[in-house]
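Protein chains get the first letters and strands the later ones, always in sequence-line order, with residue 1 at the start of each.
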There are 2 protein chains.
Amino acid sequence: MMAGEIAGKEEEMGEITDPGRKSAGARRSPESADAILDAAEAVLVETGYSGFSIEAVARRARAGKPTIYRWWPSKAALLLDVYQRQKRVDNPDTGNLAEDLVGFLKSLFAHWRDTSSGSVFRSLIAEAQSDEKAAAALAEYARGRRIHTGQMVERAKARGEVAADVDATVVADLIASFAWAHLLTDRLDEDEAILRRAVGYVLKGIVADDAGDATAVRRRRRRILSRPAK
Amino acid sequence: MMAGEIAGKEEEMGEITDPGRKSAGARRSPESADAILDAAEAVLVETGYSGFSIEAVARRARAGKPTIYRWWPSKAALLLDVYQRQKRVDNPDTGNLAEDLVGFLKSLFAHWRDTSSGSVFRSLIAEAQSDEKAAAALAEYARGRRIHTGQMVERAKARGEVAADVDATVVADLIASFAWAHLLTDRLDEDEAILRRAVGYVLKGIVADDAGDATAVRRRRRRILSRPAK
DNA sequence: TATTCGAAACGAAACGTTCCGTAACGATAA
DNA sequence: TTATCGTTACGGAACGTTTCGTTTCGAATA
């Protein structure tokens with residue numbers, strides 16, 4: 001759980017009774033937690049990242065700052081929990097990798113653009129540049145997403161659509177990086193044609209068909225050698 | 001000039017005499033400007049982005065805050081000028097696009113890792129998420145870099161190495177995005193082998209050689225049709 | 001004389017923490 | 001079963017610190 005990695009929460013809503021305690025005391029309020037997360041999202045949407053502060057969230061949630069700091073040690077941790085609450089973009093499974101990847105990018109851009117998730121995620125990336133724990137959590141999250149996105153490539157490999165030696169996570173890294181840069185530079189309205197081009201370049205490459213003798217010769221040799229083997 | 005775009009500096013170091021002024025008065029001090037930019041870089045290097053503030057820069061530069069605000073309206077504007085002072089990574093020109101792009105990524109990562117430029121640039125990206133002017137300046141800068149990086153692809157097109165219809169800036173976008181994501185997630189020590197894979201996937205694609213009949217047939221047809229035309 | 005500079009001061013905002021009174025909860029005793 | 005106790009959680013207030021962006025000031029420059 002990502003939140004656990006930053007926040008180090010060992011107790012979940014006060015349900016565990018620590019032997020060092022003489023009595024359980026009051027329970028944590030799930031309503032409070034939800035109100036704080038809702039408020040965090042609302043503040044970010046209404047005032048942007050520049051207006052996002054723990055003070056503003058506390059005011060909006062009608063919660064005490066100590067309550068927020070009890071569960072979330074930093075702005076980044078709070079933003080991360082907000083992001084984790086939001087739906088994830090699914091991997092399309094059309095049987096064709098180009099369509100899968102273009103569909104994925106289109107869905108991701110729409111999701112980031114049409115919900116608060118884009119604002120949340122870009123704020124998180126920004127926080128990660130000044131908060132080491134946030135940076136570690138973001139890196140871990142990105143690693144997991146590369147594997148998940150890479151599943152589209154793995155499926156294509158299983159279908160024989162993609163070469164067996166292709167590293168799916170490097171491909172996913174290329175695609176996700178493209179998306180991140182679009183998010184960070186306000187380009188979520190990119191033309192579908194450009195998305196198709198970018199995906200096309202990754203799938204089919206950009207070298208010319210009869211580019212240089214060496215490339216063409218190498219291709220012919222590879223064809224010849226692979227056929228008798230079959 | 002990027003700084004001009006944020007800072008709106010119409011006068012250059014007080015050299016222009018504005019008709020509305022009754023006397024030239026004291027000149028702006030170039031030593032001051034340099035001291036401030038040097039201090040900004042030093043503060044960022046020593047305390048990281050989280051310790052970077054106008055107060056800290058003013059203290060370090062032994063300059064007045066009003067002096068800083070006179071010339072740079074925001075942290076982002078100051079960071080941008082610091083970044084603009086730094087050397088740019090050149091485009092390799094080896095006559096082979098794969099070597100050019102891998103060399104470019106390696107140089108860029110080394111530059112970002114071994115100088116303050118990486119810290120400066122990631123801080124700038126972070127600032128751009130909360131400062132609209134910084135966002136506009138970053139987007140403009142990124143646009144210019146895409147064209148510049150795309151020159152490696154244009155040269156490869158001219159050599160016949162890359163197909164004539166390939167959009168060089170989309171390719172540059174893929175490569176730069178990959179670099180940005182590495183910078184933002186602390187991966188500037190990436191293996192050269194991974195860089196080569198990623199570049200290779202963009203150049204040669206990832207589809208299998210005999211992937212699906214349709215793909216192979218399409219390739220054969222394209223070969224046949226293009227030859228008689230020549 | 002007008003302009004620039006660095007130092008000092010200003011009011012506002014946010015930070016992360018402590019304090020306070022109230023409410024909630026489980027354990028214990030009657 | 002009910003009442004009491006000790007502990008924890010809560011929101012509100014307050015705290016000292018830092019930074020923000022701005023104004024004021026006296027000295028230096030042209």
Side-chain angles (χ1 to χ4, degrees), chain A residues 7 9-36 39-40 43-44 47-79 127 130-131 133, chain B residues 6-7 9-36 39-40 43 47-79 127 130-131 133:
Chain A
K9 288 188 283 191
E10 295 178 4
E11 301 157 349
E12 203 60 42
M13 299 303 186
E15 303 271 348
I16 300 177
T17 306
D18 185 330
R21 298 179 175 195
K22 296 181 181 178
S23 139
R27 293 185 187 202
R28 285 181 170 180
S29 163
E31 289 80 33
S32 252
D34 284 341
I36 288 163
V43 167
L44 190 63
T47 65
Y49 178 47
S50 62
F52 185 84
S53 68
I54 298 289
E55 293 260 8
V57 172
R59 251 186 331 257
R60 180 60 185 258
R62 294 197 166 89
K65 280 202 286 180
T67 305
I68 297 181
Y69 281 108
R70 191 178 293 127
W71 299 333
W72 296 282
S74 65
K75 237 153 84 158
L78 185 55
L79 282 170
E127 282 294 311
S130 56
D131 180 323
K133 288 190 176 174
Chain B
I6 294 196
K9 288 189 283 191
E10 297 177 7
E11 301 157 354
E12 203 58 41
M13 300 302 187
E15 303 272 347
I16 300 176
T17 306
D18 186 330
R21 298 181 175 196
K22 297 181 181 177
S23 139
R27 290 185 189 209
R28 284 185 170 176
S29 163
E31 290 81 33
S32 253
D34 284 341
I36 289 163
V43 167
T47 65
Y49 178 47
S50 62
F52 185 84
S53 67
I54 298 290
E55 294 262 8
V57 172
R59 248 184 337 255
R60 180 62 186 256
R62 293 198 168 87
K65 281 203 286 181
T67 305
I68 298 180
Y69 281 108
R70 191 178 294 127
W71 300 330
W72 295 283
S74 65
K75 240 154 78 159
L78 183 56
L79 282 169
E127 283 293 311
S130 56
D131 181 325
K133 287 189 176 173

Nearest-0.5 Å distance, [atom1] of residue [X] to [atom2] of residue [Y]:
X	Y	atom1	atom2	result
A:Lys65	A:Ile68	NZ	CD1	9.0 Å
B:Asp131	A:Tyr49	CG	OH	12.0 Å
B:Ile36	B:Trp71	CD1	CH2	5.0 Å

In whole angstrom, give the distance that lies between atom [atom1] of [X] and atom [atom2] of [N].
X	N	atom1	atom2	answer
B:Arg70	C:dA2	CZ	C1'	13 Å
A:Arg27	C:dG26	CZ	C1'	9 Å
A:Trp71	C:dG16	CH2	P	18 Å
A:Ile68	C:dG16	CD1	C1'	12 Å
A:Glu31	C:dA24	CD	C1'	13 Å

If you take all heavy atoms of B:Ala39 and B:Val57, which pair is closest and at what distance?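 Looks like CB-O, 3.7 Å.
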Which residues pass the side chain to side chain contact (heavy atoms under 4.5 Å, CB included) test with B:Arg59, not counting sequence neighbours?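 In terms of side chain to side chain contact (heavy atoms under 4.5 Å, CB included), with neighbours along the sequence ignored, B:Arg59 is linked to B:Glu55, B:Ala56.
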Review item, nucleotides 19-22 of chain D N/O atoms under 3.5 Å of protein N/O:
| residue | atom | partner | partner atom | Å |
| --- | --- | --- | --- | --- |
| D:dC20 | OP1 | B:Ile54 | N | 3.2 |
| D:dC20 | OP2 | B:Ile54 | N | 3.3 |
| D:dC20 | OP2 | B:Glu55 | N | 3.0 |
| D:dG21 | OP2 | B:Tyr69 | OH | 2.1 |
| D:dG21 | N7 | B:Lys65 | NZ | 3.1 |
| D:dG21 | O6 | B:Lys65 | NZ | 3.0 |

Under 4.0 Å between a side-chain N/O of B:Thr67 and OP1 or OP2 of C:dG6, yes or no?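 Answer yes for this pair, as a side-chain N or O of B:Thr67 is under 4.0 Å from OP1 or OP2.
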Heavy-atom donor-acceptor pair, B:Lys133 side chain to B:Ala77 backbone, under 3.5 Å: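 Not confirmed, B:Lys133 side chain does not pair with B:Ala77 backbone.
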